[in-house]
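Just so it is clear: chains get the letters A, B, ... in the order the sequence lines come, proteins before strands, and each one is counted from 1.
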2 protein chains.
Amino acid sequence: MATFKTRAQYVADDLRERILGGEFKGGSQLRQDALARDYDVSRIPVREALLTLESEGLVEFHAHRGAFTTELSVAAIRELFDLRVLLETYVLRHAIPNLTAADLDHAGSVLRQYDAALDSGSQIDNWSDYNFAFHHALYAPSGLPETLAMIGQLNTKSGRYIRMQLVYTREIEKAELEHRELLELARQGDVDKACRLLESHIKDAAEGIAAVLEKNLRSA
Amino acid sequence: MATFKTRAQYVADDLRERILGGEFKGGSQLRQDALARDYDVSRIPVREALLTLESEGLVEFHAHRGAFTTELSVAAIRELFDLRVLLETYVLRHAIPNLTAADLDHAGSVLRQYDAALDSGSQIDNWSDYNFAFHHALYAPSGLPETLAMIGQLNTKSGRYIRMQLVYTREIEKAELEHRELLELARQGDVDKACRLLESHIKDAAEGIAAVLEKNLRSA
DNA sequence: GCCATATGGATTGCATACAATATCCAGATT
DNA sequence: AATCTGGATATTGTATGCAATCCATATGGC
């Protein structure tokens, strides 16, 4: 069922990856005509894709001037990460009591895939997806789909900067260790400790990103 | 600046009002052709408007079948209101210490406008906007624009049901009293009491809506 | 020399027209 | 009788082309 994908959706998915991957820096303009040629479609599906990305906070439309990739201020990034702490500890708190053995197994298997990917080389492009998959595996049993959707939005909006931080500071290994610890605490059902760890896990990432951004600002 | 509004935006704004106003119940289909005739535009801006509304959670696209207004389950509504409690107490907590005399005056004047609207007759259409304006006046000094945007999303998504509850249960007056109390607590800087009141204010609304929906379900 | 205004060029926003897809219903098959 | 097949129909999804708008540059008045 519903295996059909419109061209607009295809363009949106690919363009999202390109933006999150850092191909378009700063507030660079995305010309509809050029993108249409890129994807060999007309400008209509490109426009629709850009509208979708606008609603996700990745681009901004200026009437008759076109779409530009958004650039988040350091303050905005801090705010988004504070929101992540608030919402993710909230769902984790609700998820842990519901975790089944199958849920824990699934989260564990995602972690093992991390390791395989790490060992096989720097598949950093996919790391963000794995990261989100692990967090999602822990959160899903909360039975709070609307909340999970908002968390997904926050991740998308700040995704570009998360990847940047990972590349710059190479602290994937540290995150990986914290993930293992988080899974263990969840297995033990220690809600408070797990939430505290999650909070510092997210805040550390935010501080790393802020540091990188502020360094870049000074050098520019 | 930027006083220009595309037709797609105009259609989106108007259609949003119509959906929130309850003109399209249940999962009713929104045919692009009919809407295009309604607004005397082509289907392109209609499609773009529908895409915008989809990102706001008001409609859903089914490929080649069209757009349908979404219908939230009682569980989803409860979840959205729980999220509102979480996020709104969060911003209120951050806003109260920053409230200036001008902020309090502004919030008070919004309240006075309520009263005027109430006395002049049942301008229920506008009440939701006033309601949001009051809450926004209290929250804005938090200096957390991203969080405010998410709260706005939650309000939009659940807006249809808020209006329904107000019409059915006529508890506008109660909400109005609570607003005055909330403003007074904010003026006194009593963060904890204000947040507790806000929490029950939102939860009461959620329970009222759930009661109405469950009654409707039984009668249907 | 400086500010207001007009004009050219580029790009978007939209209307029209066509292609692709899902659904429905009739008819055949088991 | 129930299920499956296939074509007709309605509706969406997209391509093309044109009109509207913005920005930059040049021009004229003071």
Side-chain angles (χ1 to χ4, degrees), chain A residues 1-20 23-71 156, chain B residues 1-20 23-71 156:
Chain A
M1 105 167 217
T3 180
F4 183 84
K5 216 175 177 183
T6 65
R7 297 173 201 219
Q9 287 171 322
Y10 179 82
V11 173
D13 289 343
D14 193 83
L15 200 50
R16 184 185 302 110
E17 274 310 304
R18 291 170 72 185
I19 292 174
L20 291 180
E23 181 173 337
F24 306 97
K25 311 256 172 171
S28 56
Q29 187 173 10
L30 299 171
R31 238 167 289 140
Q32 299 175 2
D33 214 356
L35 291 173
R37 268 196 300 275
D38 266 14
Y39 291 103
D40 198 34
V41 298
S42 80
R43 279 175 35 232
I44 299 288
V46 170
R47 276 184 68 78
E48 296 188 352
L50 289 172
L51 278 170
T52 300
L53 297 180
E54 181 190 33
S55 75
E56 295 173 4
L58 295 180
V59 308
E60 270 179 4
F61 270 78
H62 297 236
H64 288 103
R65 299 206 314 120
F68 298 79
T69 57
T70 55
E71 197 161 23
T156 301
Chain B
M1 103 164 220
T3 180
F4 182 85
K5 214 175 177 183
T6 66
R7 297 174 202 217
Q9 287 171 322
Y10 178 82
V11 173
D13 289 343
D14 193 83
L15 200 50
R16 184 185 303 109
E17 274 310 303
R18 290 171 71 184
I19 293 174
L20 292 180
E23 181 173 337
F24 305 97
K25 312 256 172 176
S28 57
Q29 188 173 10
L30 299 172
R31 238 166 291 143
Q32 299 175 2
D33 215 355
L35 291 174
R37 268 195 299 276
D38 266 13
Y39 292 102
D40 197 35
V41 297
S42 81
R43 279 175 36 235
I44 300 287
V46 170
R47 275 184 67 78
E48 296 186 353
L50 288 172
L51 279 169
T52 300
L53 297 180
E54 181 190 33
S55 75
E56 295 173 4
L58 295 180
V59 308
E60 271 179 4
F61 269 78
H62 296 235
H64 289 103
R65 299 208 314 121
F68 299 79
T69 57
T70 55
E71 197 160 23
T156 300

*Rounding to a whole Å, what distance do you find between E48(A):CD and dG13(C):P?*
13 Å

*R65(B) side chain N/O closer than 4.0 Å to the phosphate oxygens (OP1, OP2) of dT11(D)?*
no

_Nearest listed nucleotide, side chain of R43(B), among dT12(C), dT14(D), dA22(C)_ = dT14(D)

*Between the base of dG13(C) and the side chain of R47(A), is there any donor-acceptor pair under 3.5 Å?*
no

_Integer-rounded Å distance: dA15(D) P and D33(A) CG_ = 13 Å

*With a 3.5 Å cut-off and just heavy-atom distances, do the side chain of R7(A) and the base of dG13(D) make a donor-acceptor pair?*
no

_Earlier contact from the 5' end, DNA chain D, for A8(A) and A63(A)_ = A8(A)

*asked:* Can you confirm whether V11(A) sits close enough to L35(A) that some side-chain heavy atom of one is under 4.5 Å from a side-chain heavy atom of the other?
replied: no

*Give R31(A) one of three labels, base, sugar-phosphate or nothing, depending on what nucleic acid heavy atoms sit under 4.0 Å from its own.*
sugar-phosphate

*Look at the side chain of T70(A) and the backbone N and O of L58(A), then say whether any donor-acceptor pair between them is shorter than 3.5 Å.*
yes

_Distance check needed: dA15(C) P versus R37(B) CZ, whole Å only._
14 Å

*Provide, to the nearest angstrom, the distance between the NZ atom belonging to K5(A) and the P atom belonging to dT21(C).*
16 Å

_Interatomic distance, Q32(B) CD vs dA20(C) C1' [rounded to whole Å]_ = 14 Å

*What integer distance in Å separates L50(A):CG from dG13(C):C1'?*
13 Å

*Would you tell me if any nitrogen or oxygen in the side chain of S42(A) comes within less than 4.0 Å of OP1 or OP2 on dA15(D)?*
yes

*Whole-Å distance separating the CG atom of L35(A) from the P atom of dT11(C)*: 13 Å

*asked:* Counting C-beta onward and ignoring hydrogens, is there a side-chain heavy-atom pair between R18(A) and D38(A) closer than 4.5 Å?
replied: yes

*For the pair made of NE2 in H64(A) and P in dT12(C), what is the distance, rounded to whole Å?*
10 Å

*asked:* Below the 4.0 Å mark, does dG13(D) have OP1 or OP2 next to a side-chain nitrogen or oxygen of Q9(A)?
replied: no

*Side chains of D13(B) and K5(B) in contact at under 4.5 Å (non-hydrogen atoms)*: yes

*Can a side chain N or O of Q29(A) be found less than 4.0 Å away from OP1 or OP2 on dT11(C)?*
no

_Among V41(A), I44(A), V46(A), side chain to side chain contact (heavy atoms under 4.5 Å, CB included) partner for R7(A)_ = V41(A)

*Which of these nucleotides, dG13(D), dG13(C), dT16(C), is closest to any side-chain atom of F61(B)?*
dG13(D)

